[in-house]
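What follows is a set of notes on a single structure, which appears directly below.
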Amino acid sequence: MIEHELNLLTNFLVVGALLFGIGLIGFLTRRNMIIMFLSAEMMLQGVSVSLVAWGRYFNDLDGQILVIFIIAVAACEAALALALILMLFQRRGNLDIALWHDLRESNLPPYVDHELPEIPPYQSGPWPTLTPAGRRPDLPQQETDYRSHV
Amino acid sequence: MFSIPTLLVLVPALPLAATLATAALGKKVLREQSHWPAVAGIGLSFLAALLLLFQVRAAVAQADAGPVRIGYEEVVRLWTWANVEGAGGMEPGSPGPSPPRQIALMDFAVEVALRADPLTAVMLVTVTFVSFLVAVYSIGYMHEDPGYWRFFAYIALFVFSMTMLVSVSNFLMLYIFWEAVGLCSYLLIGFWYQKPEAAAAGKKAFLVNRIGDFGFALGVFLIWTTYGTLNFHDTIHDTGLTTMGVLGQSRLAEPGLFVAGGIATAICLLLLLGACGKSAQFPLHVWLPDAMEGPTPVSALIHAATMVTAGIYMIARCAPLFHASGDAFQAVALIGGFTALLASAIAVTQTDLKRILAYSTISQLGYMFLGLGAGTLPGITAGMFHLFTHAFFKALLFLGAGSVMHAMGGVIDIRRFGGLRHRMPTTHWTFLIGCLALAAFPGFSGFFSKDEILVALHENSLDGPSPALYHILYLAASATAFLTAFYTFRAFILTFYGPERIPHEAGDHAHESPNSMTLPLVILAIFSAFVGAWFFFTHGFSEFLAHTPSLAYPAMHTEEAAHAPSVHAGVMVASALVAVAGIGLAWLLYLRWPKTVDRLTAAMDAVGLYRLSFGKFYIDQAYHVLVVRPLAGLAWASYWFDRYVVDGLVDLIGLAPRGAGAVLRSLQSGMVQFYALAMVLGVLVLIVALLV
């Protein structure tokens, strides 16, 4: 019985470690902000899996309670992070994290990635049109221009 | 009406209150009326001191009838400032305490205590009286000065310090107020601080005094280690044990309780160094002539009448210590005699009226040291008597000089004015009386006090420990008296007689000074004329002073049968002749044969004497080369070492983090993933460290 539990724990921990490792490698190597964010989430889930496993192994609910909290926090974080990513995308028209290095020392040269292919700036493409519902409000010209990019 | 303790507290408290009032209200509220607190405070303080003097007199008379005590003293303990129990241990068998009293001796107790005894009472009256007149005089003299209120605040502060100095009953407190009068002196000399000479003179006075103060401080330390207490008076503890004060009744009563030998001489010489600084004796006399840069009332108050007498007071107070040492009195006399002669030789050729008076002050202080240095009761009381009379006539002379300076528009060079007797009749007459007193003309106060000193020296030269020394000193004192008479009247005649000459700076200002200035002159002149004769013929002064515990103890009286002042007809006639001869020579040279003066000067200059005297024996220059330059060099070297070696090392250490920062700064690329990688690596390092 105990051996069975131990094996189960080991399996879970291996899965958790794999999740964490894949997430870590993804976070460090991928430059798309959304992928990086997903990787971070994956690391979080890896930790959650191991917490649940330990909780079960010790026959203790604390691990699972903690995971519930982690999920709640991760949901909030996801909302925030996605909003931020959206903001950043609107600034540069690109999701590449390497475009953002404003926090470097003032006397260091900006990072220039030569291998990165020149991506044409984001063009305002065809946006899905929604069926008009009700009356369109009167917006100022500036606002309408801005909205058209959203 | 007022008891002795109340009066003792009132005398210093009133000037202190005046200082605080003037300092707080002077600039904004009192303005042109700033003199009122100081004048009222010092005046009331004088009245309190006078009442105190009469009460002490009455108490002395009672003490004579009562049980046997060593002189008369009353100690008023206000509070204990510091009490460190078991601060110092006495080696068994040390000569300080007698065995049964040893227990309470270990405490380092500084009592804020004031004492009333004849010496203190006389000093208090002298100081407050002269200060009061000077304060009144200053109302006229300092009129319209931008620092009017500041001046009176300083004056009152000075009177507070000086009255405390003469009435405290503890060496540490004495030292504190010793420093306080030094500070006031610095503030007042440098009163016109925008004038570079005045600022430099203030600094010089302070620094030269520091040398003396350093000696004094060492002397106080040595007294503590030797006697185990710093109080003058005995302290009776609740347990019934007595801590013997350094100059307390119980120590004075029994012979042999004062430490003798080398350590006593060391104490006395250190105290003497302190006295030399404060009383401007050779080799520390150089600050006093420069101190004439201050306002003239300050010169009169501090540098003639009161502050410089602190050294004399201190030596008189510590007379038993000097007596126990044996040789120390001779050192006092030697310094006094040498200084007296040196200063009078310099004064003969000076051309600045105030400087002549400054050198005469040094010379007269030397006279007082001579009197103290005689070491006998008549000698010490004569020194104090000379201090007393000198305070009047020197204050008078300085205030007179100030009056002349006031009228001459700030010119004080006696070559540039003359024949002022018609323009300034009151100043002329009062100055004449001051000069006669200073020159020791028979009948004037200086004559009697100087005569007593000469008699004391003469007696020591007849039968004393070292007759030859005292005989030489007696001759030196006589020579000084001759020179004093000569240079005093040289200055007087050049100022007030001869053809009338008025410098252009005076403008239409060359007239007699206002009443607030001439009134103190008249009062001081009356005192200068009569105070000496009064006390000489009544013997009141020396008999009264002899009841001071320090001067009343038995060892003081063994050498002479009684302390009745002796009158030596021979000495008196000789000193009178010397004074008259000096005055006569000055009169002949400067009024009758002015041509001879030039020829005489040229003849003296040929052998270098004139130049030597005019250059003040080049002592300032010698100090500059021997002391100031090497010290300045040392200071410069220290500055260089500190700036480049010590600071350099510190800067080097300061550079290390900056250098490390410069290297690590290149890691701050601003790339998010690089930071993440750094975190991962850090975690890895931690894991490895945990596993290994």
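Numbered from 1 within each chain, the chains take letters A, B, ... in sequence-line order.
- For residues 13-27 of chain A, the interface with chain B (any heavy-atom pair closer than 4.5 Å) comprises Leu24(A), Phe27(A), sorted by residue number.
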Under 3.5 Å, which donor-acceptor pairs link chain A to chain B? Give each pair on its own line with the distance.
residue, atom, partner, partner atom, Å
Phe27(A), O, Gln673(B), NE2, 2.9
Leu28(A), O, Gln673(B), NE2, 3.4
Arg30(A), O, Gln673(B), NE2, 2.4
Glu105(A), N, Gln668(B), O, 3.0

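- Within 6.0 Å of the CG atom in Asn7(A), the count of heavy atoms belonging to other residues, nucleotides or ligands exceeds 12.
- For chain B, the nearby part of Ile97(A) is the side chain; its heavy atoms alone come within less than 4.5 Å.
- A 6.0 Å sphere centred on CZ of Phe206(B) holds more than 12 heavy atoms belonging to other residues, nucleotides or ligands.
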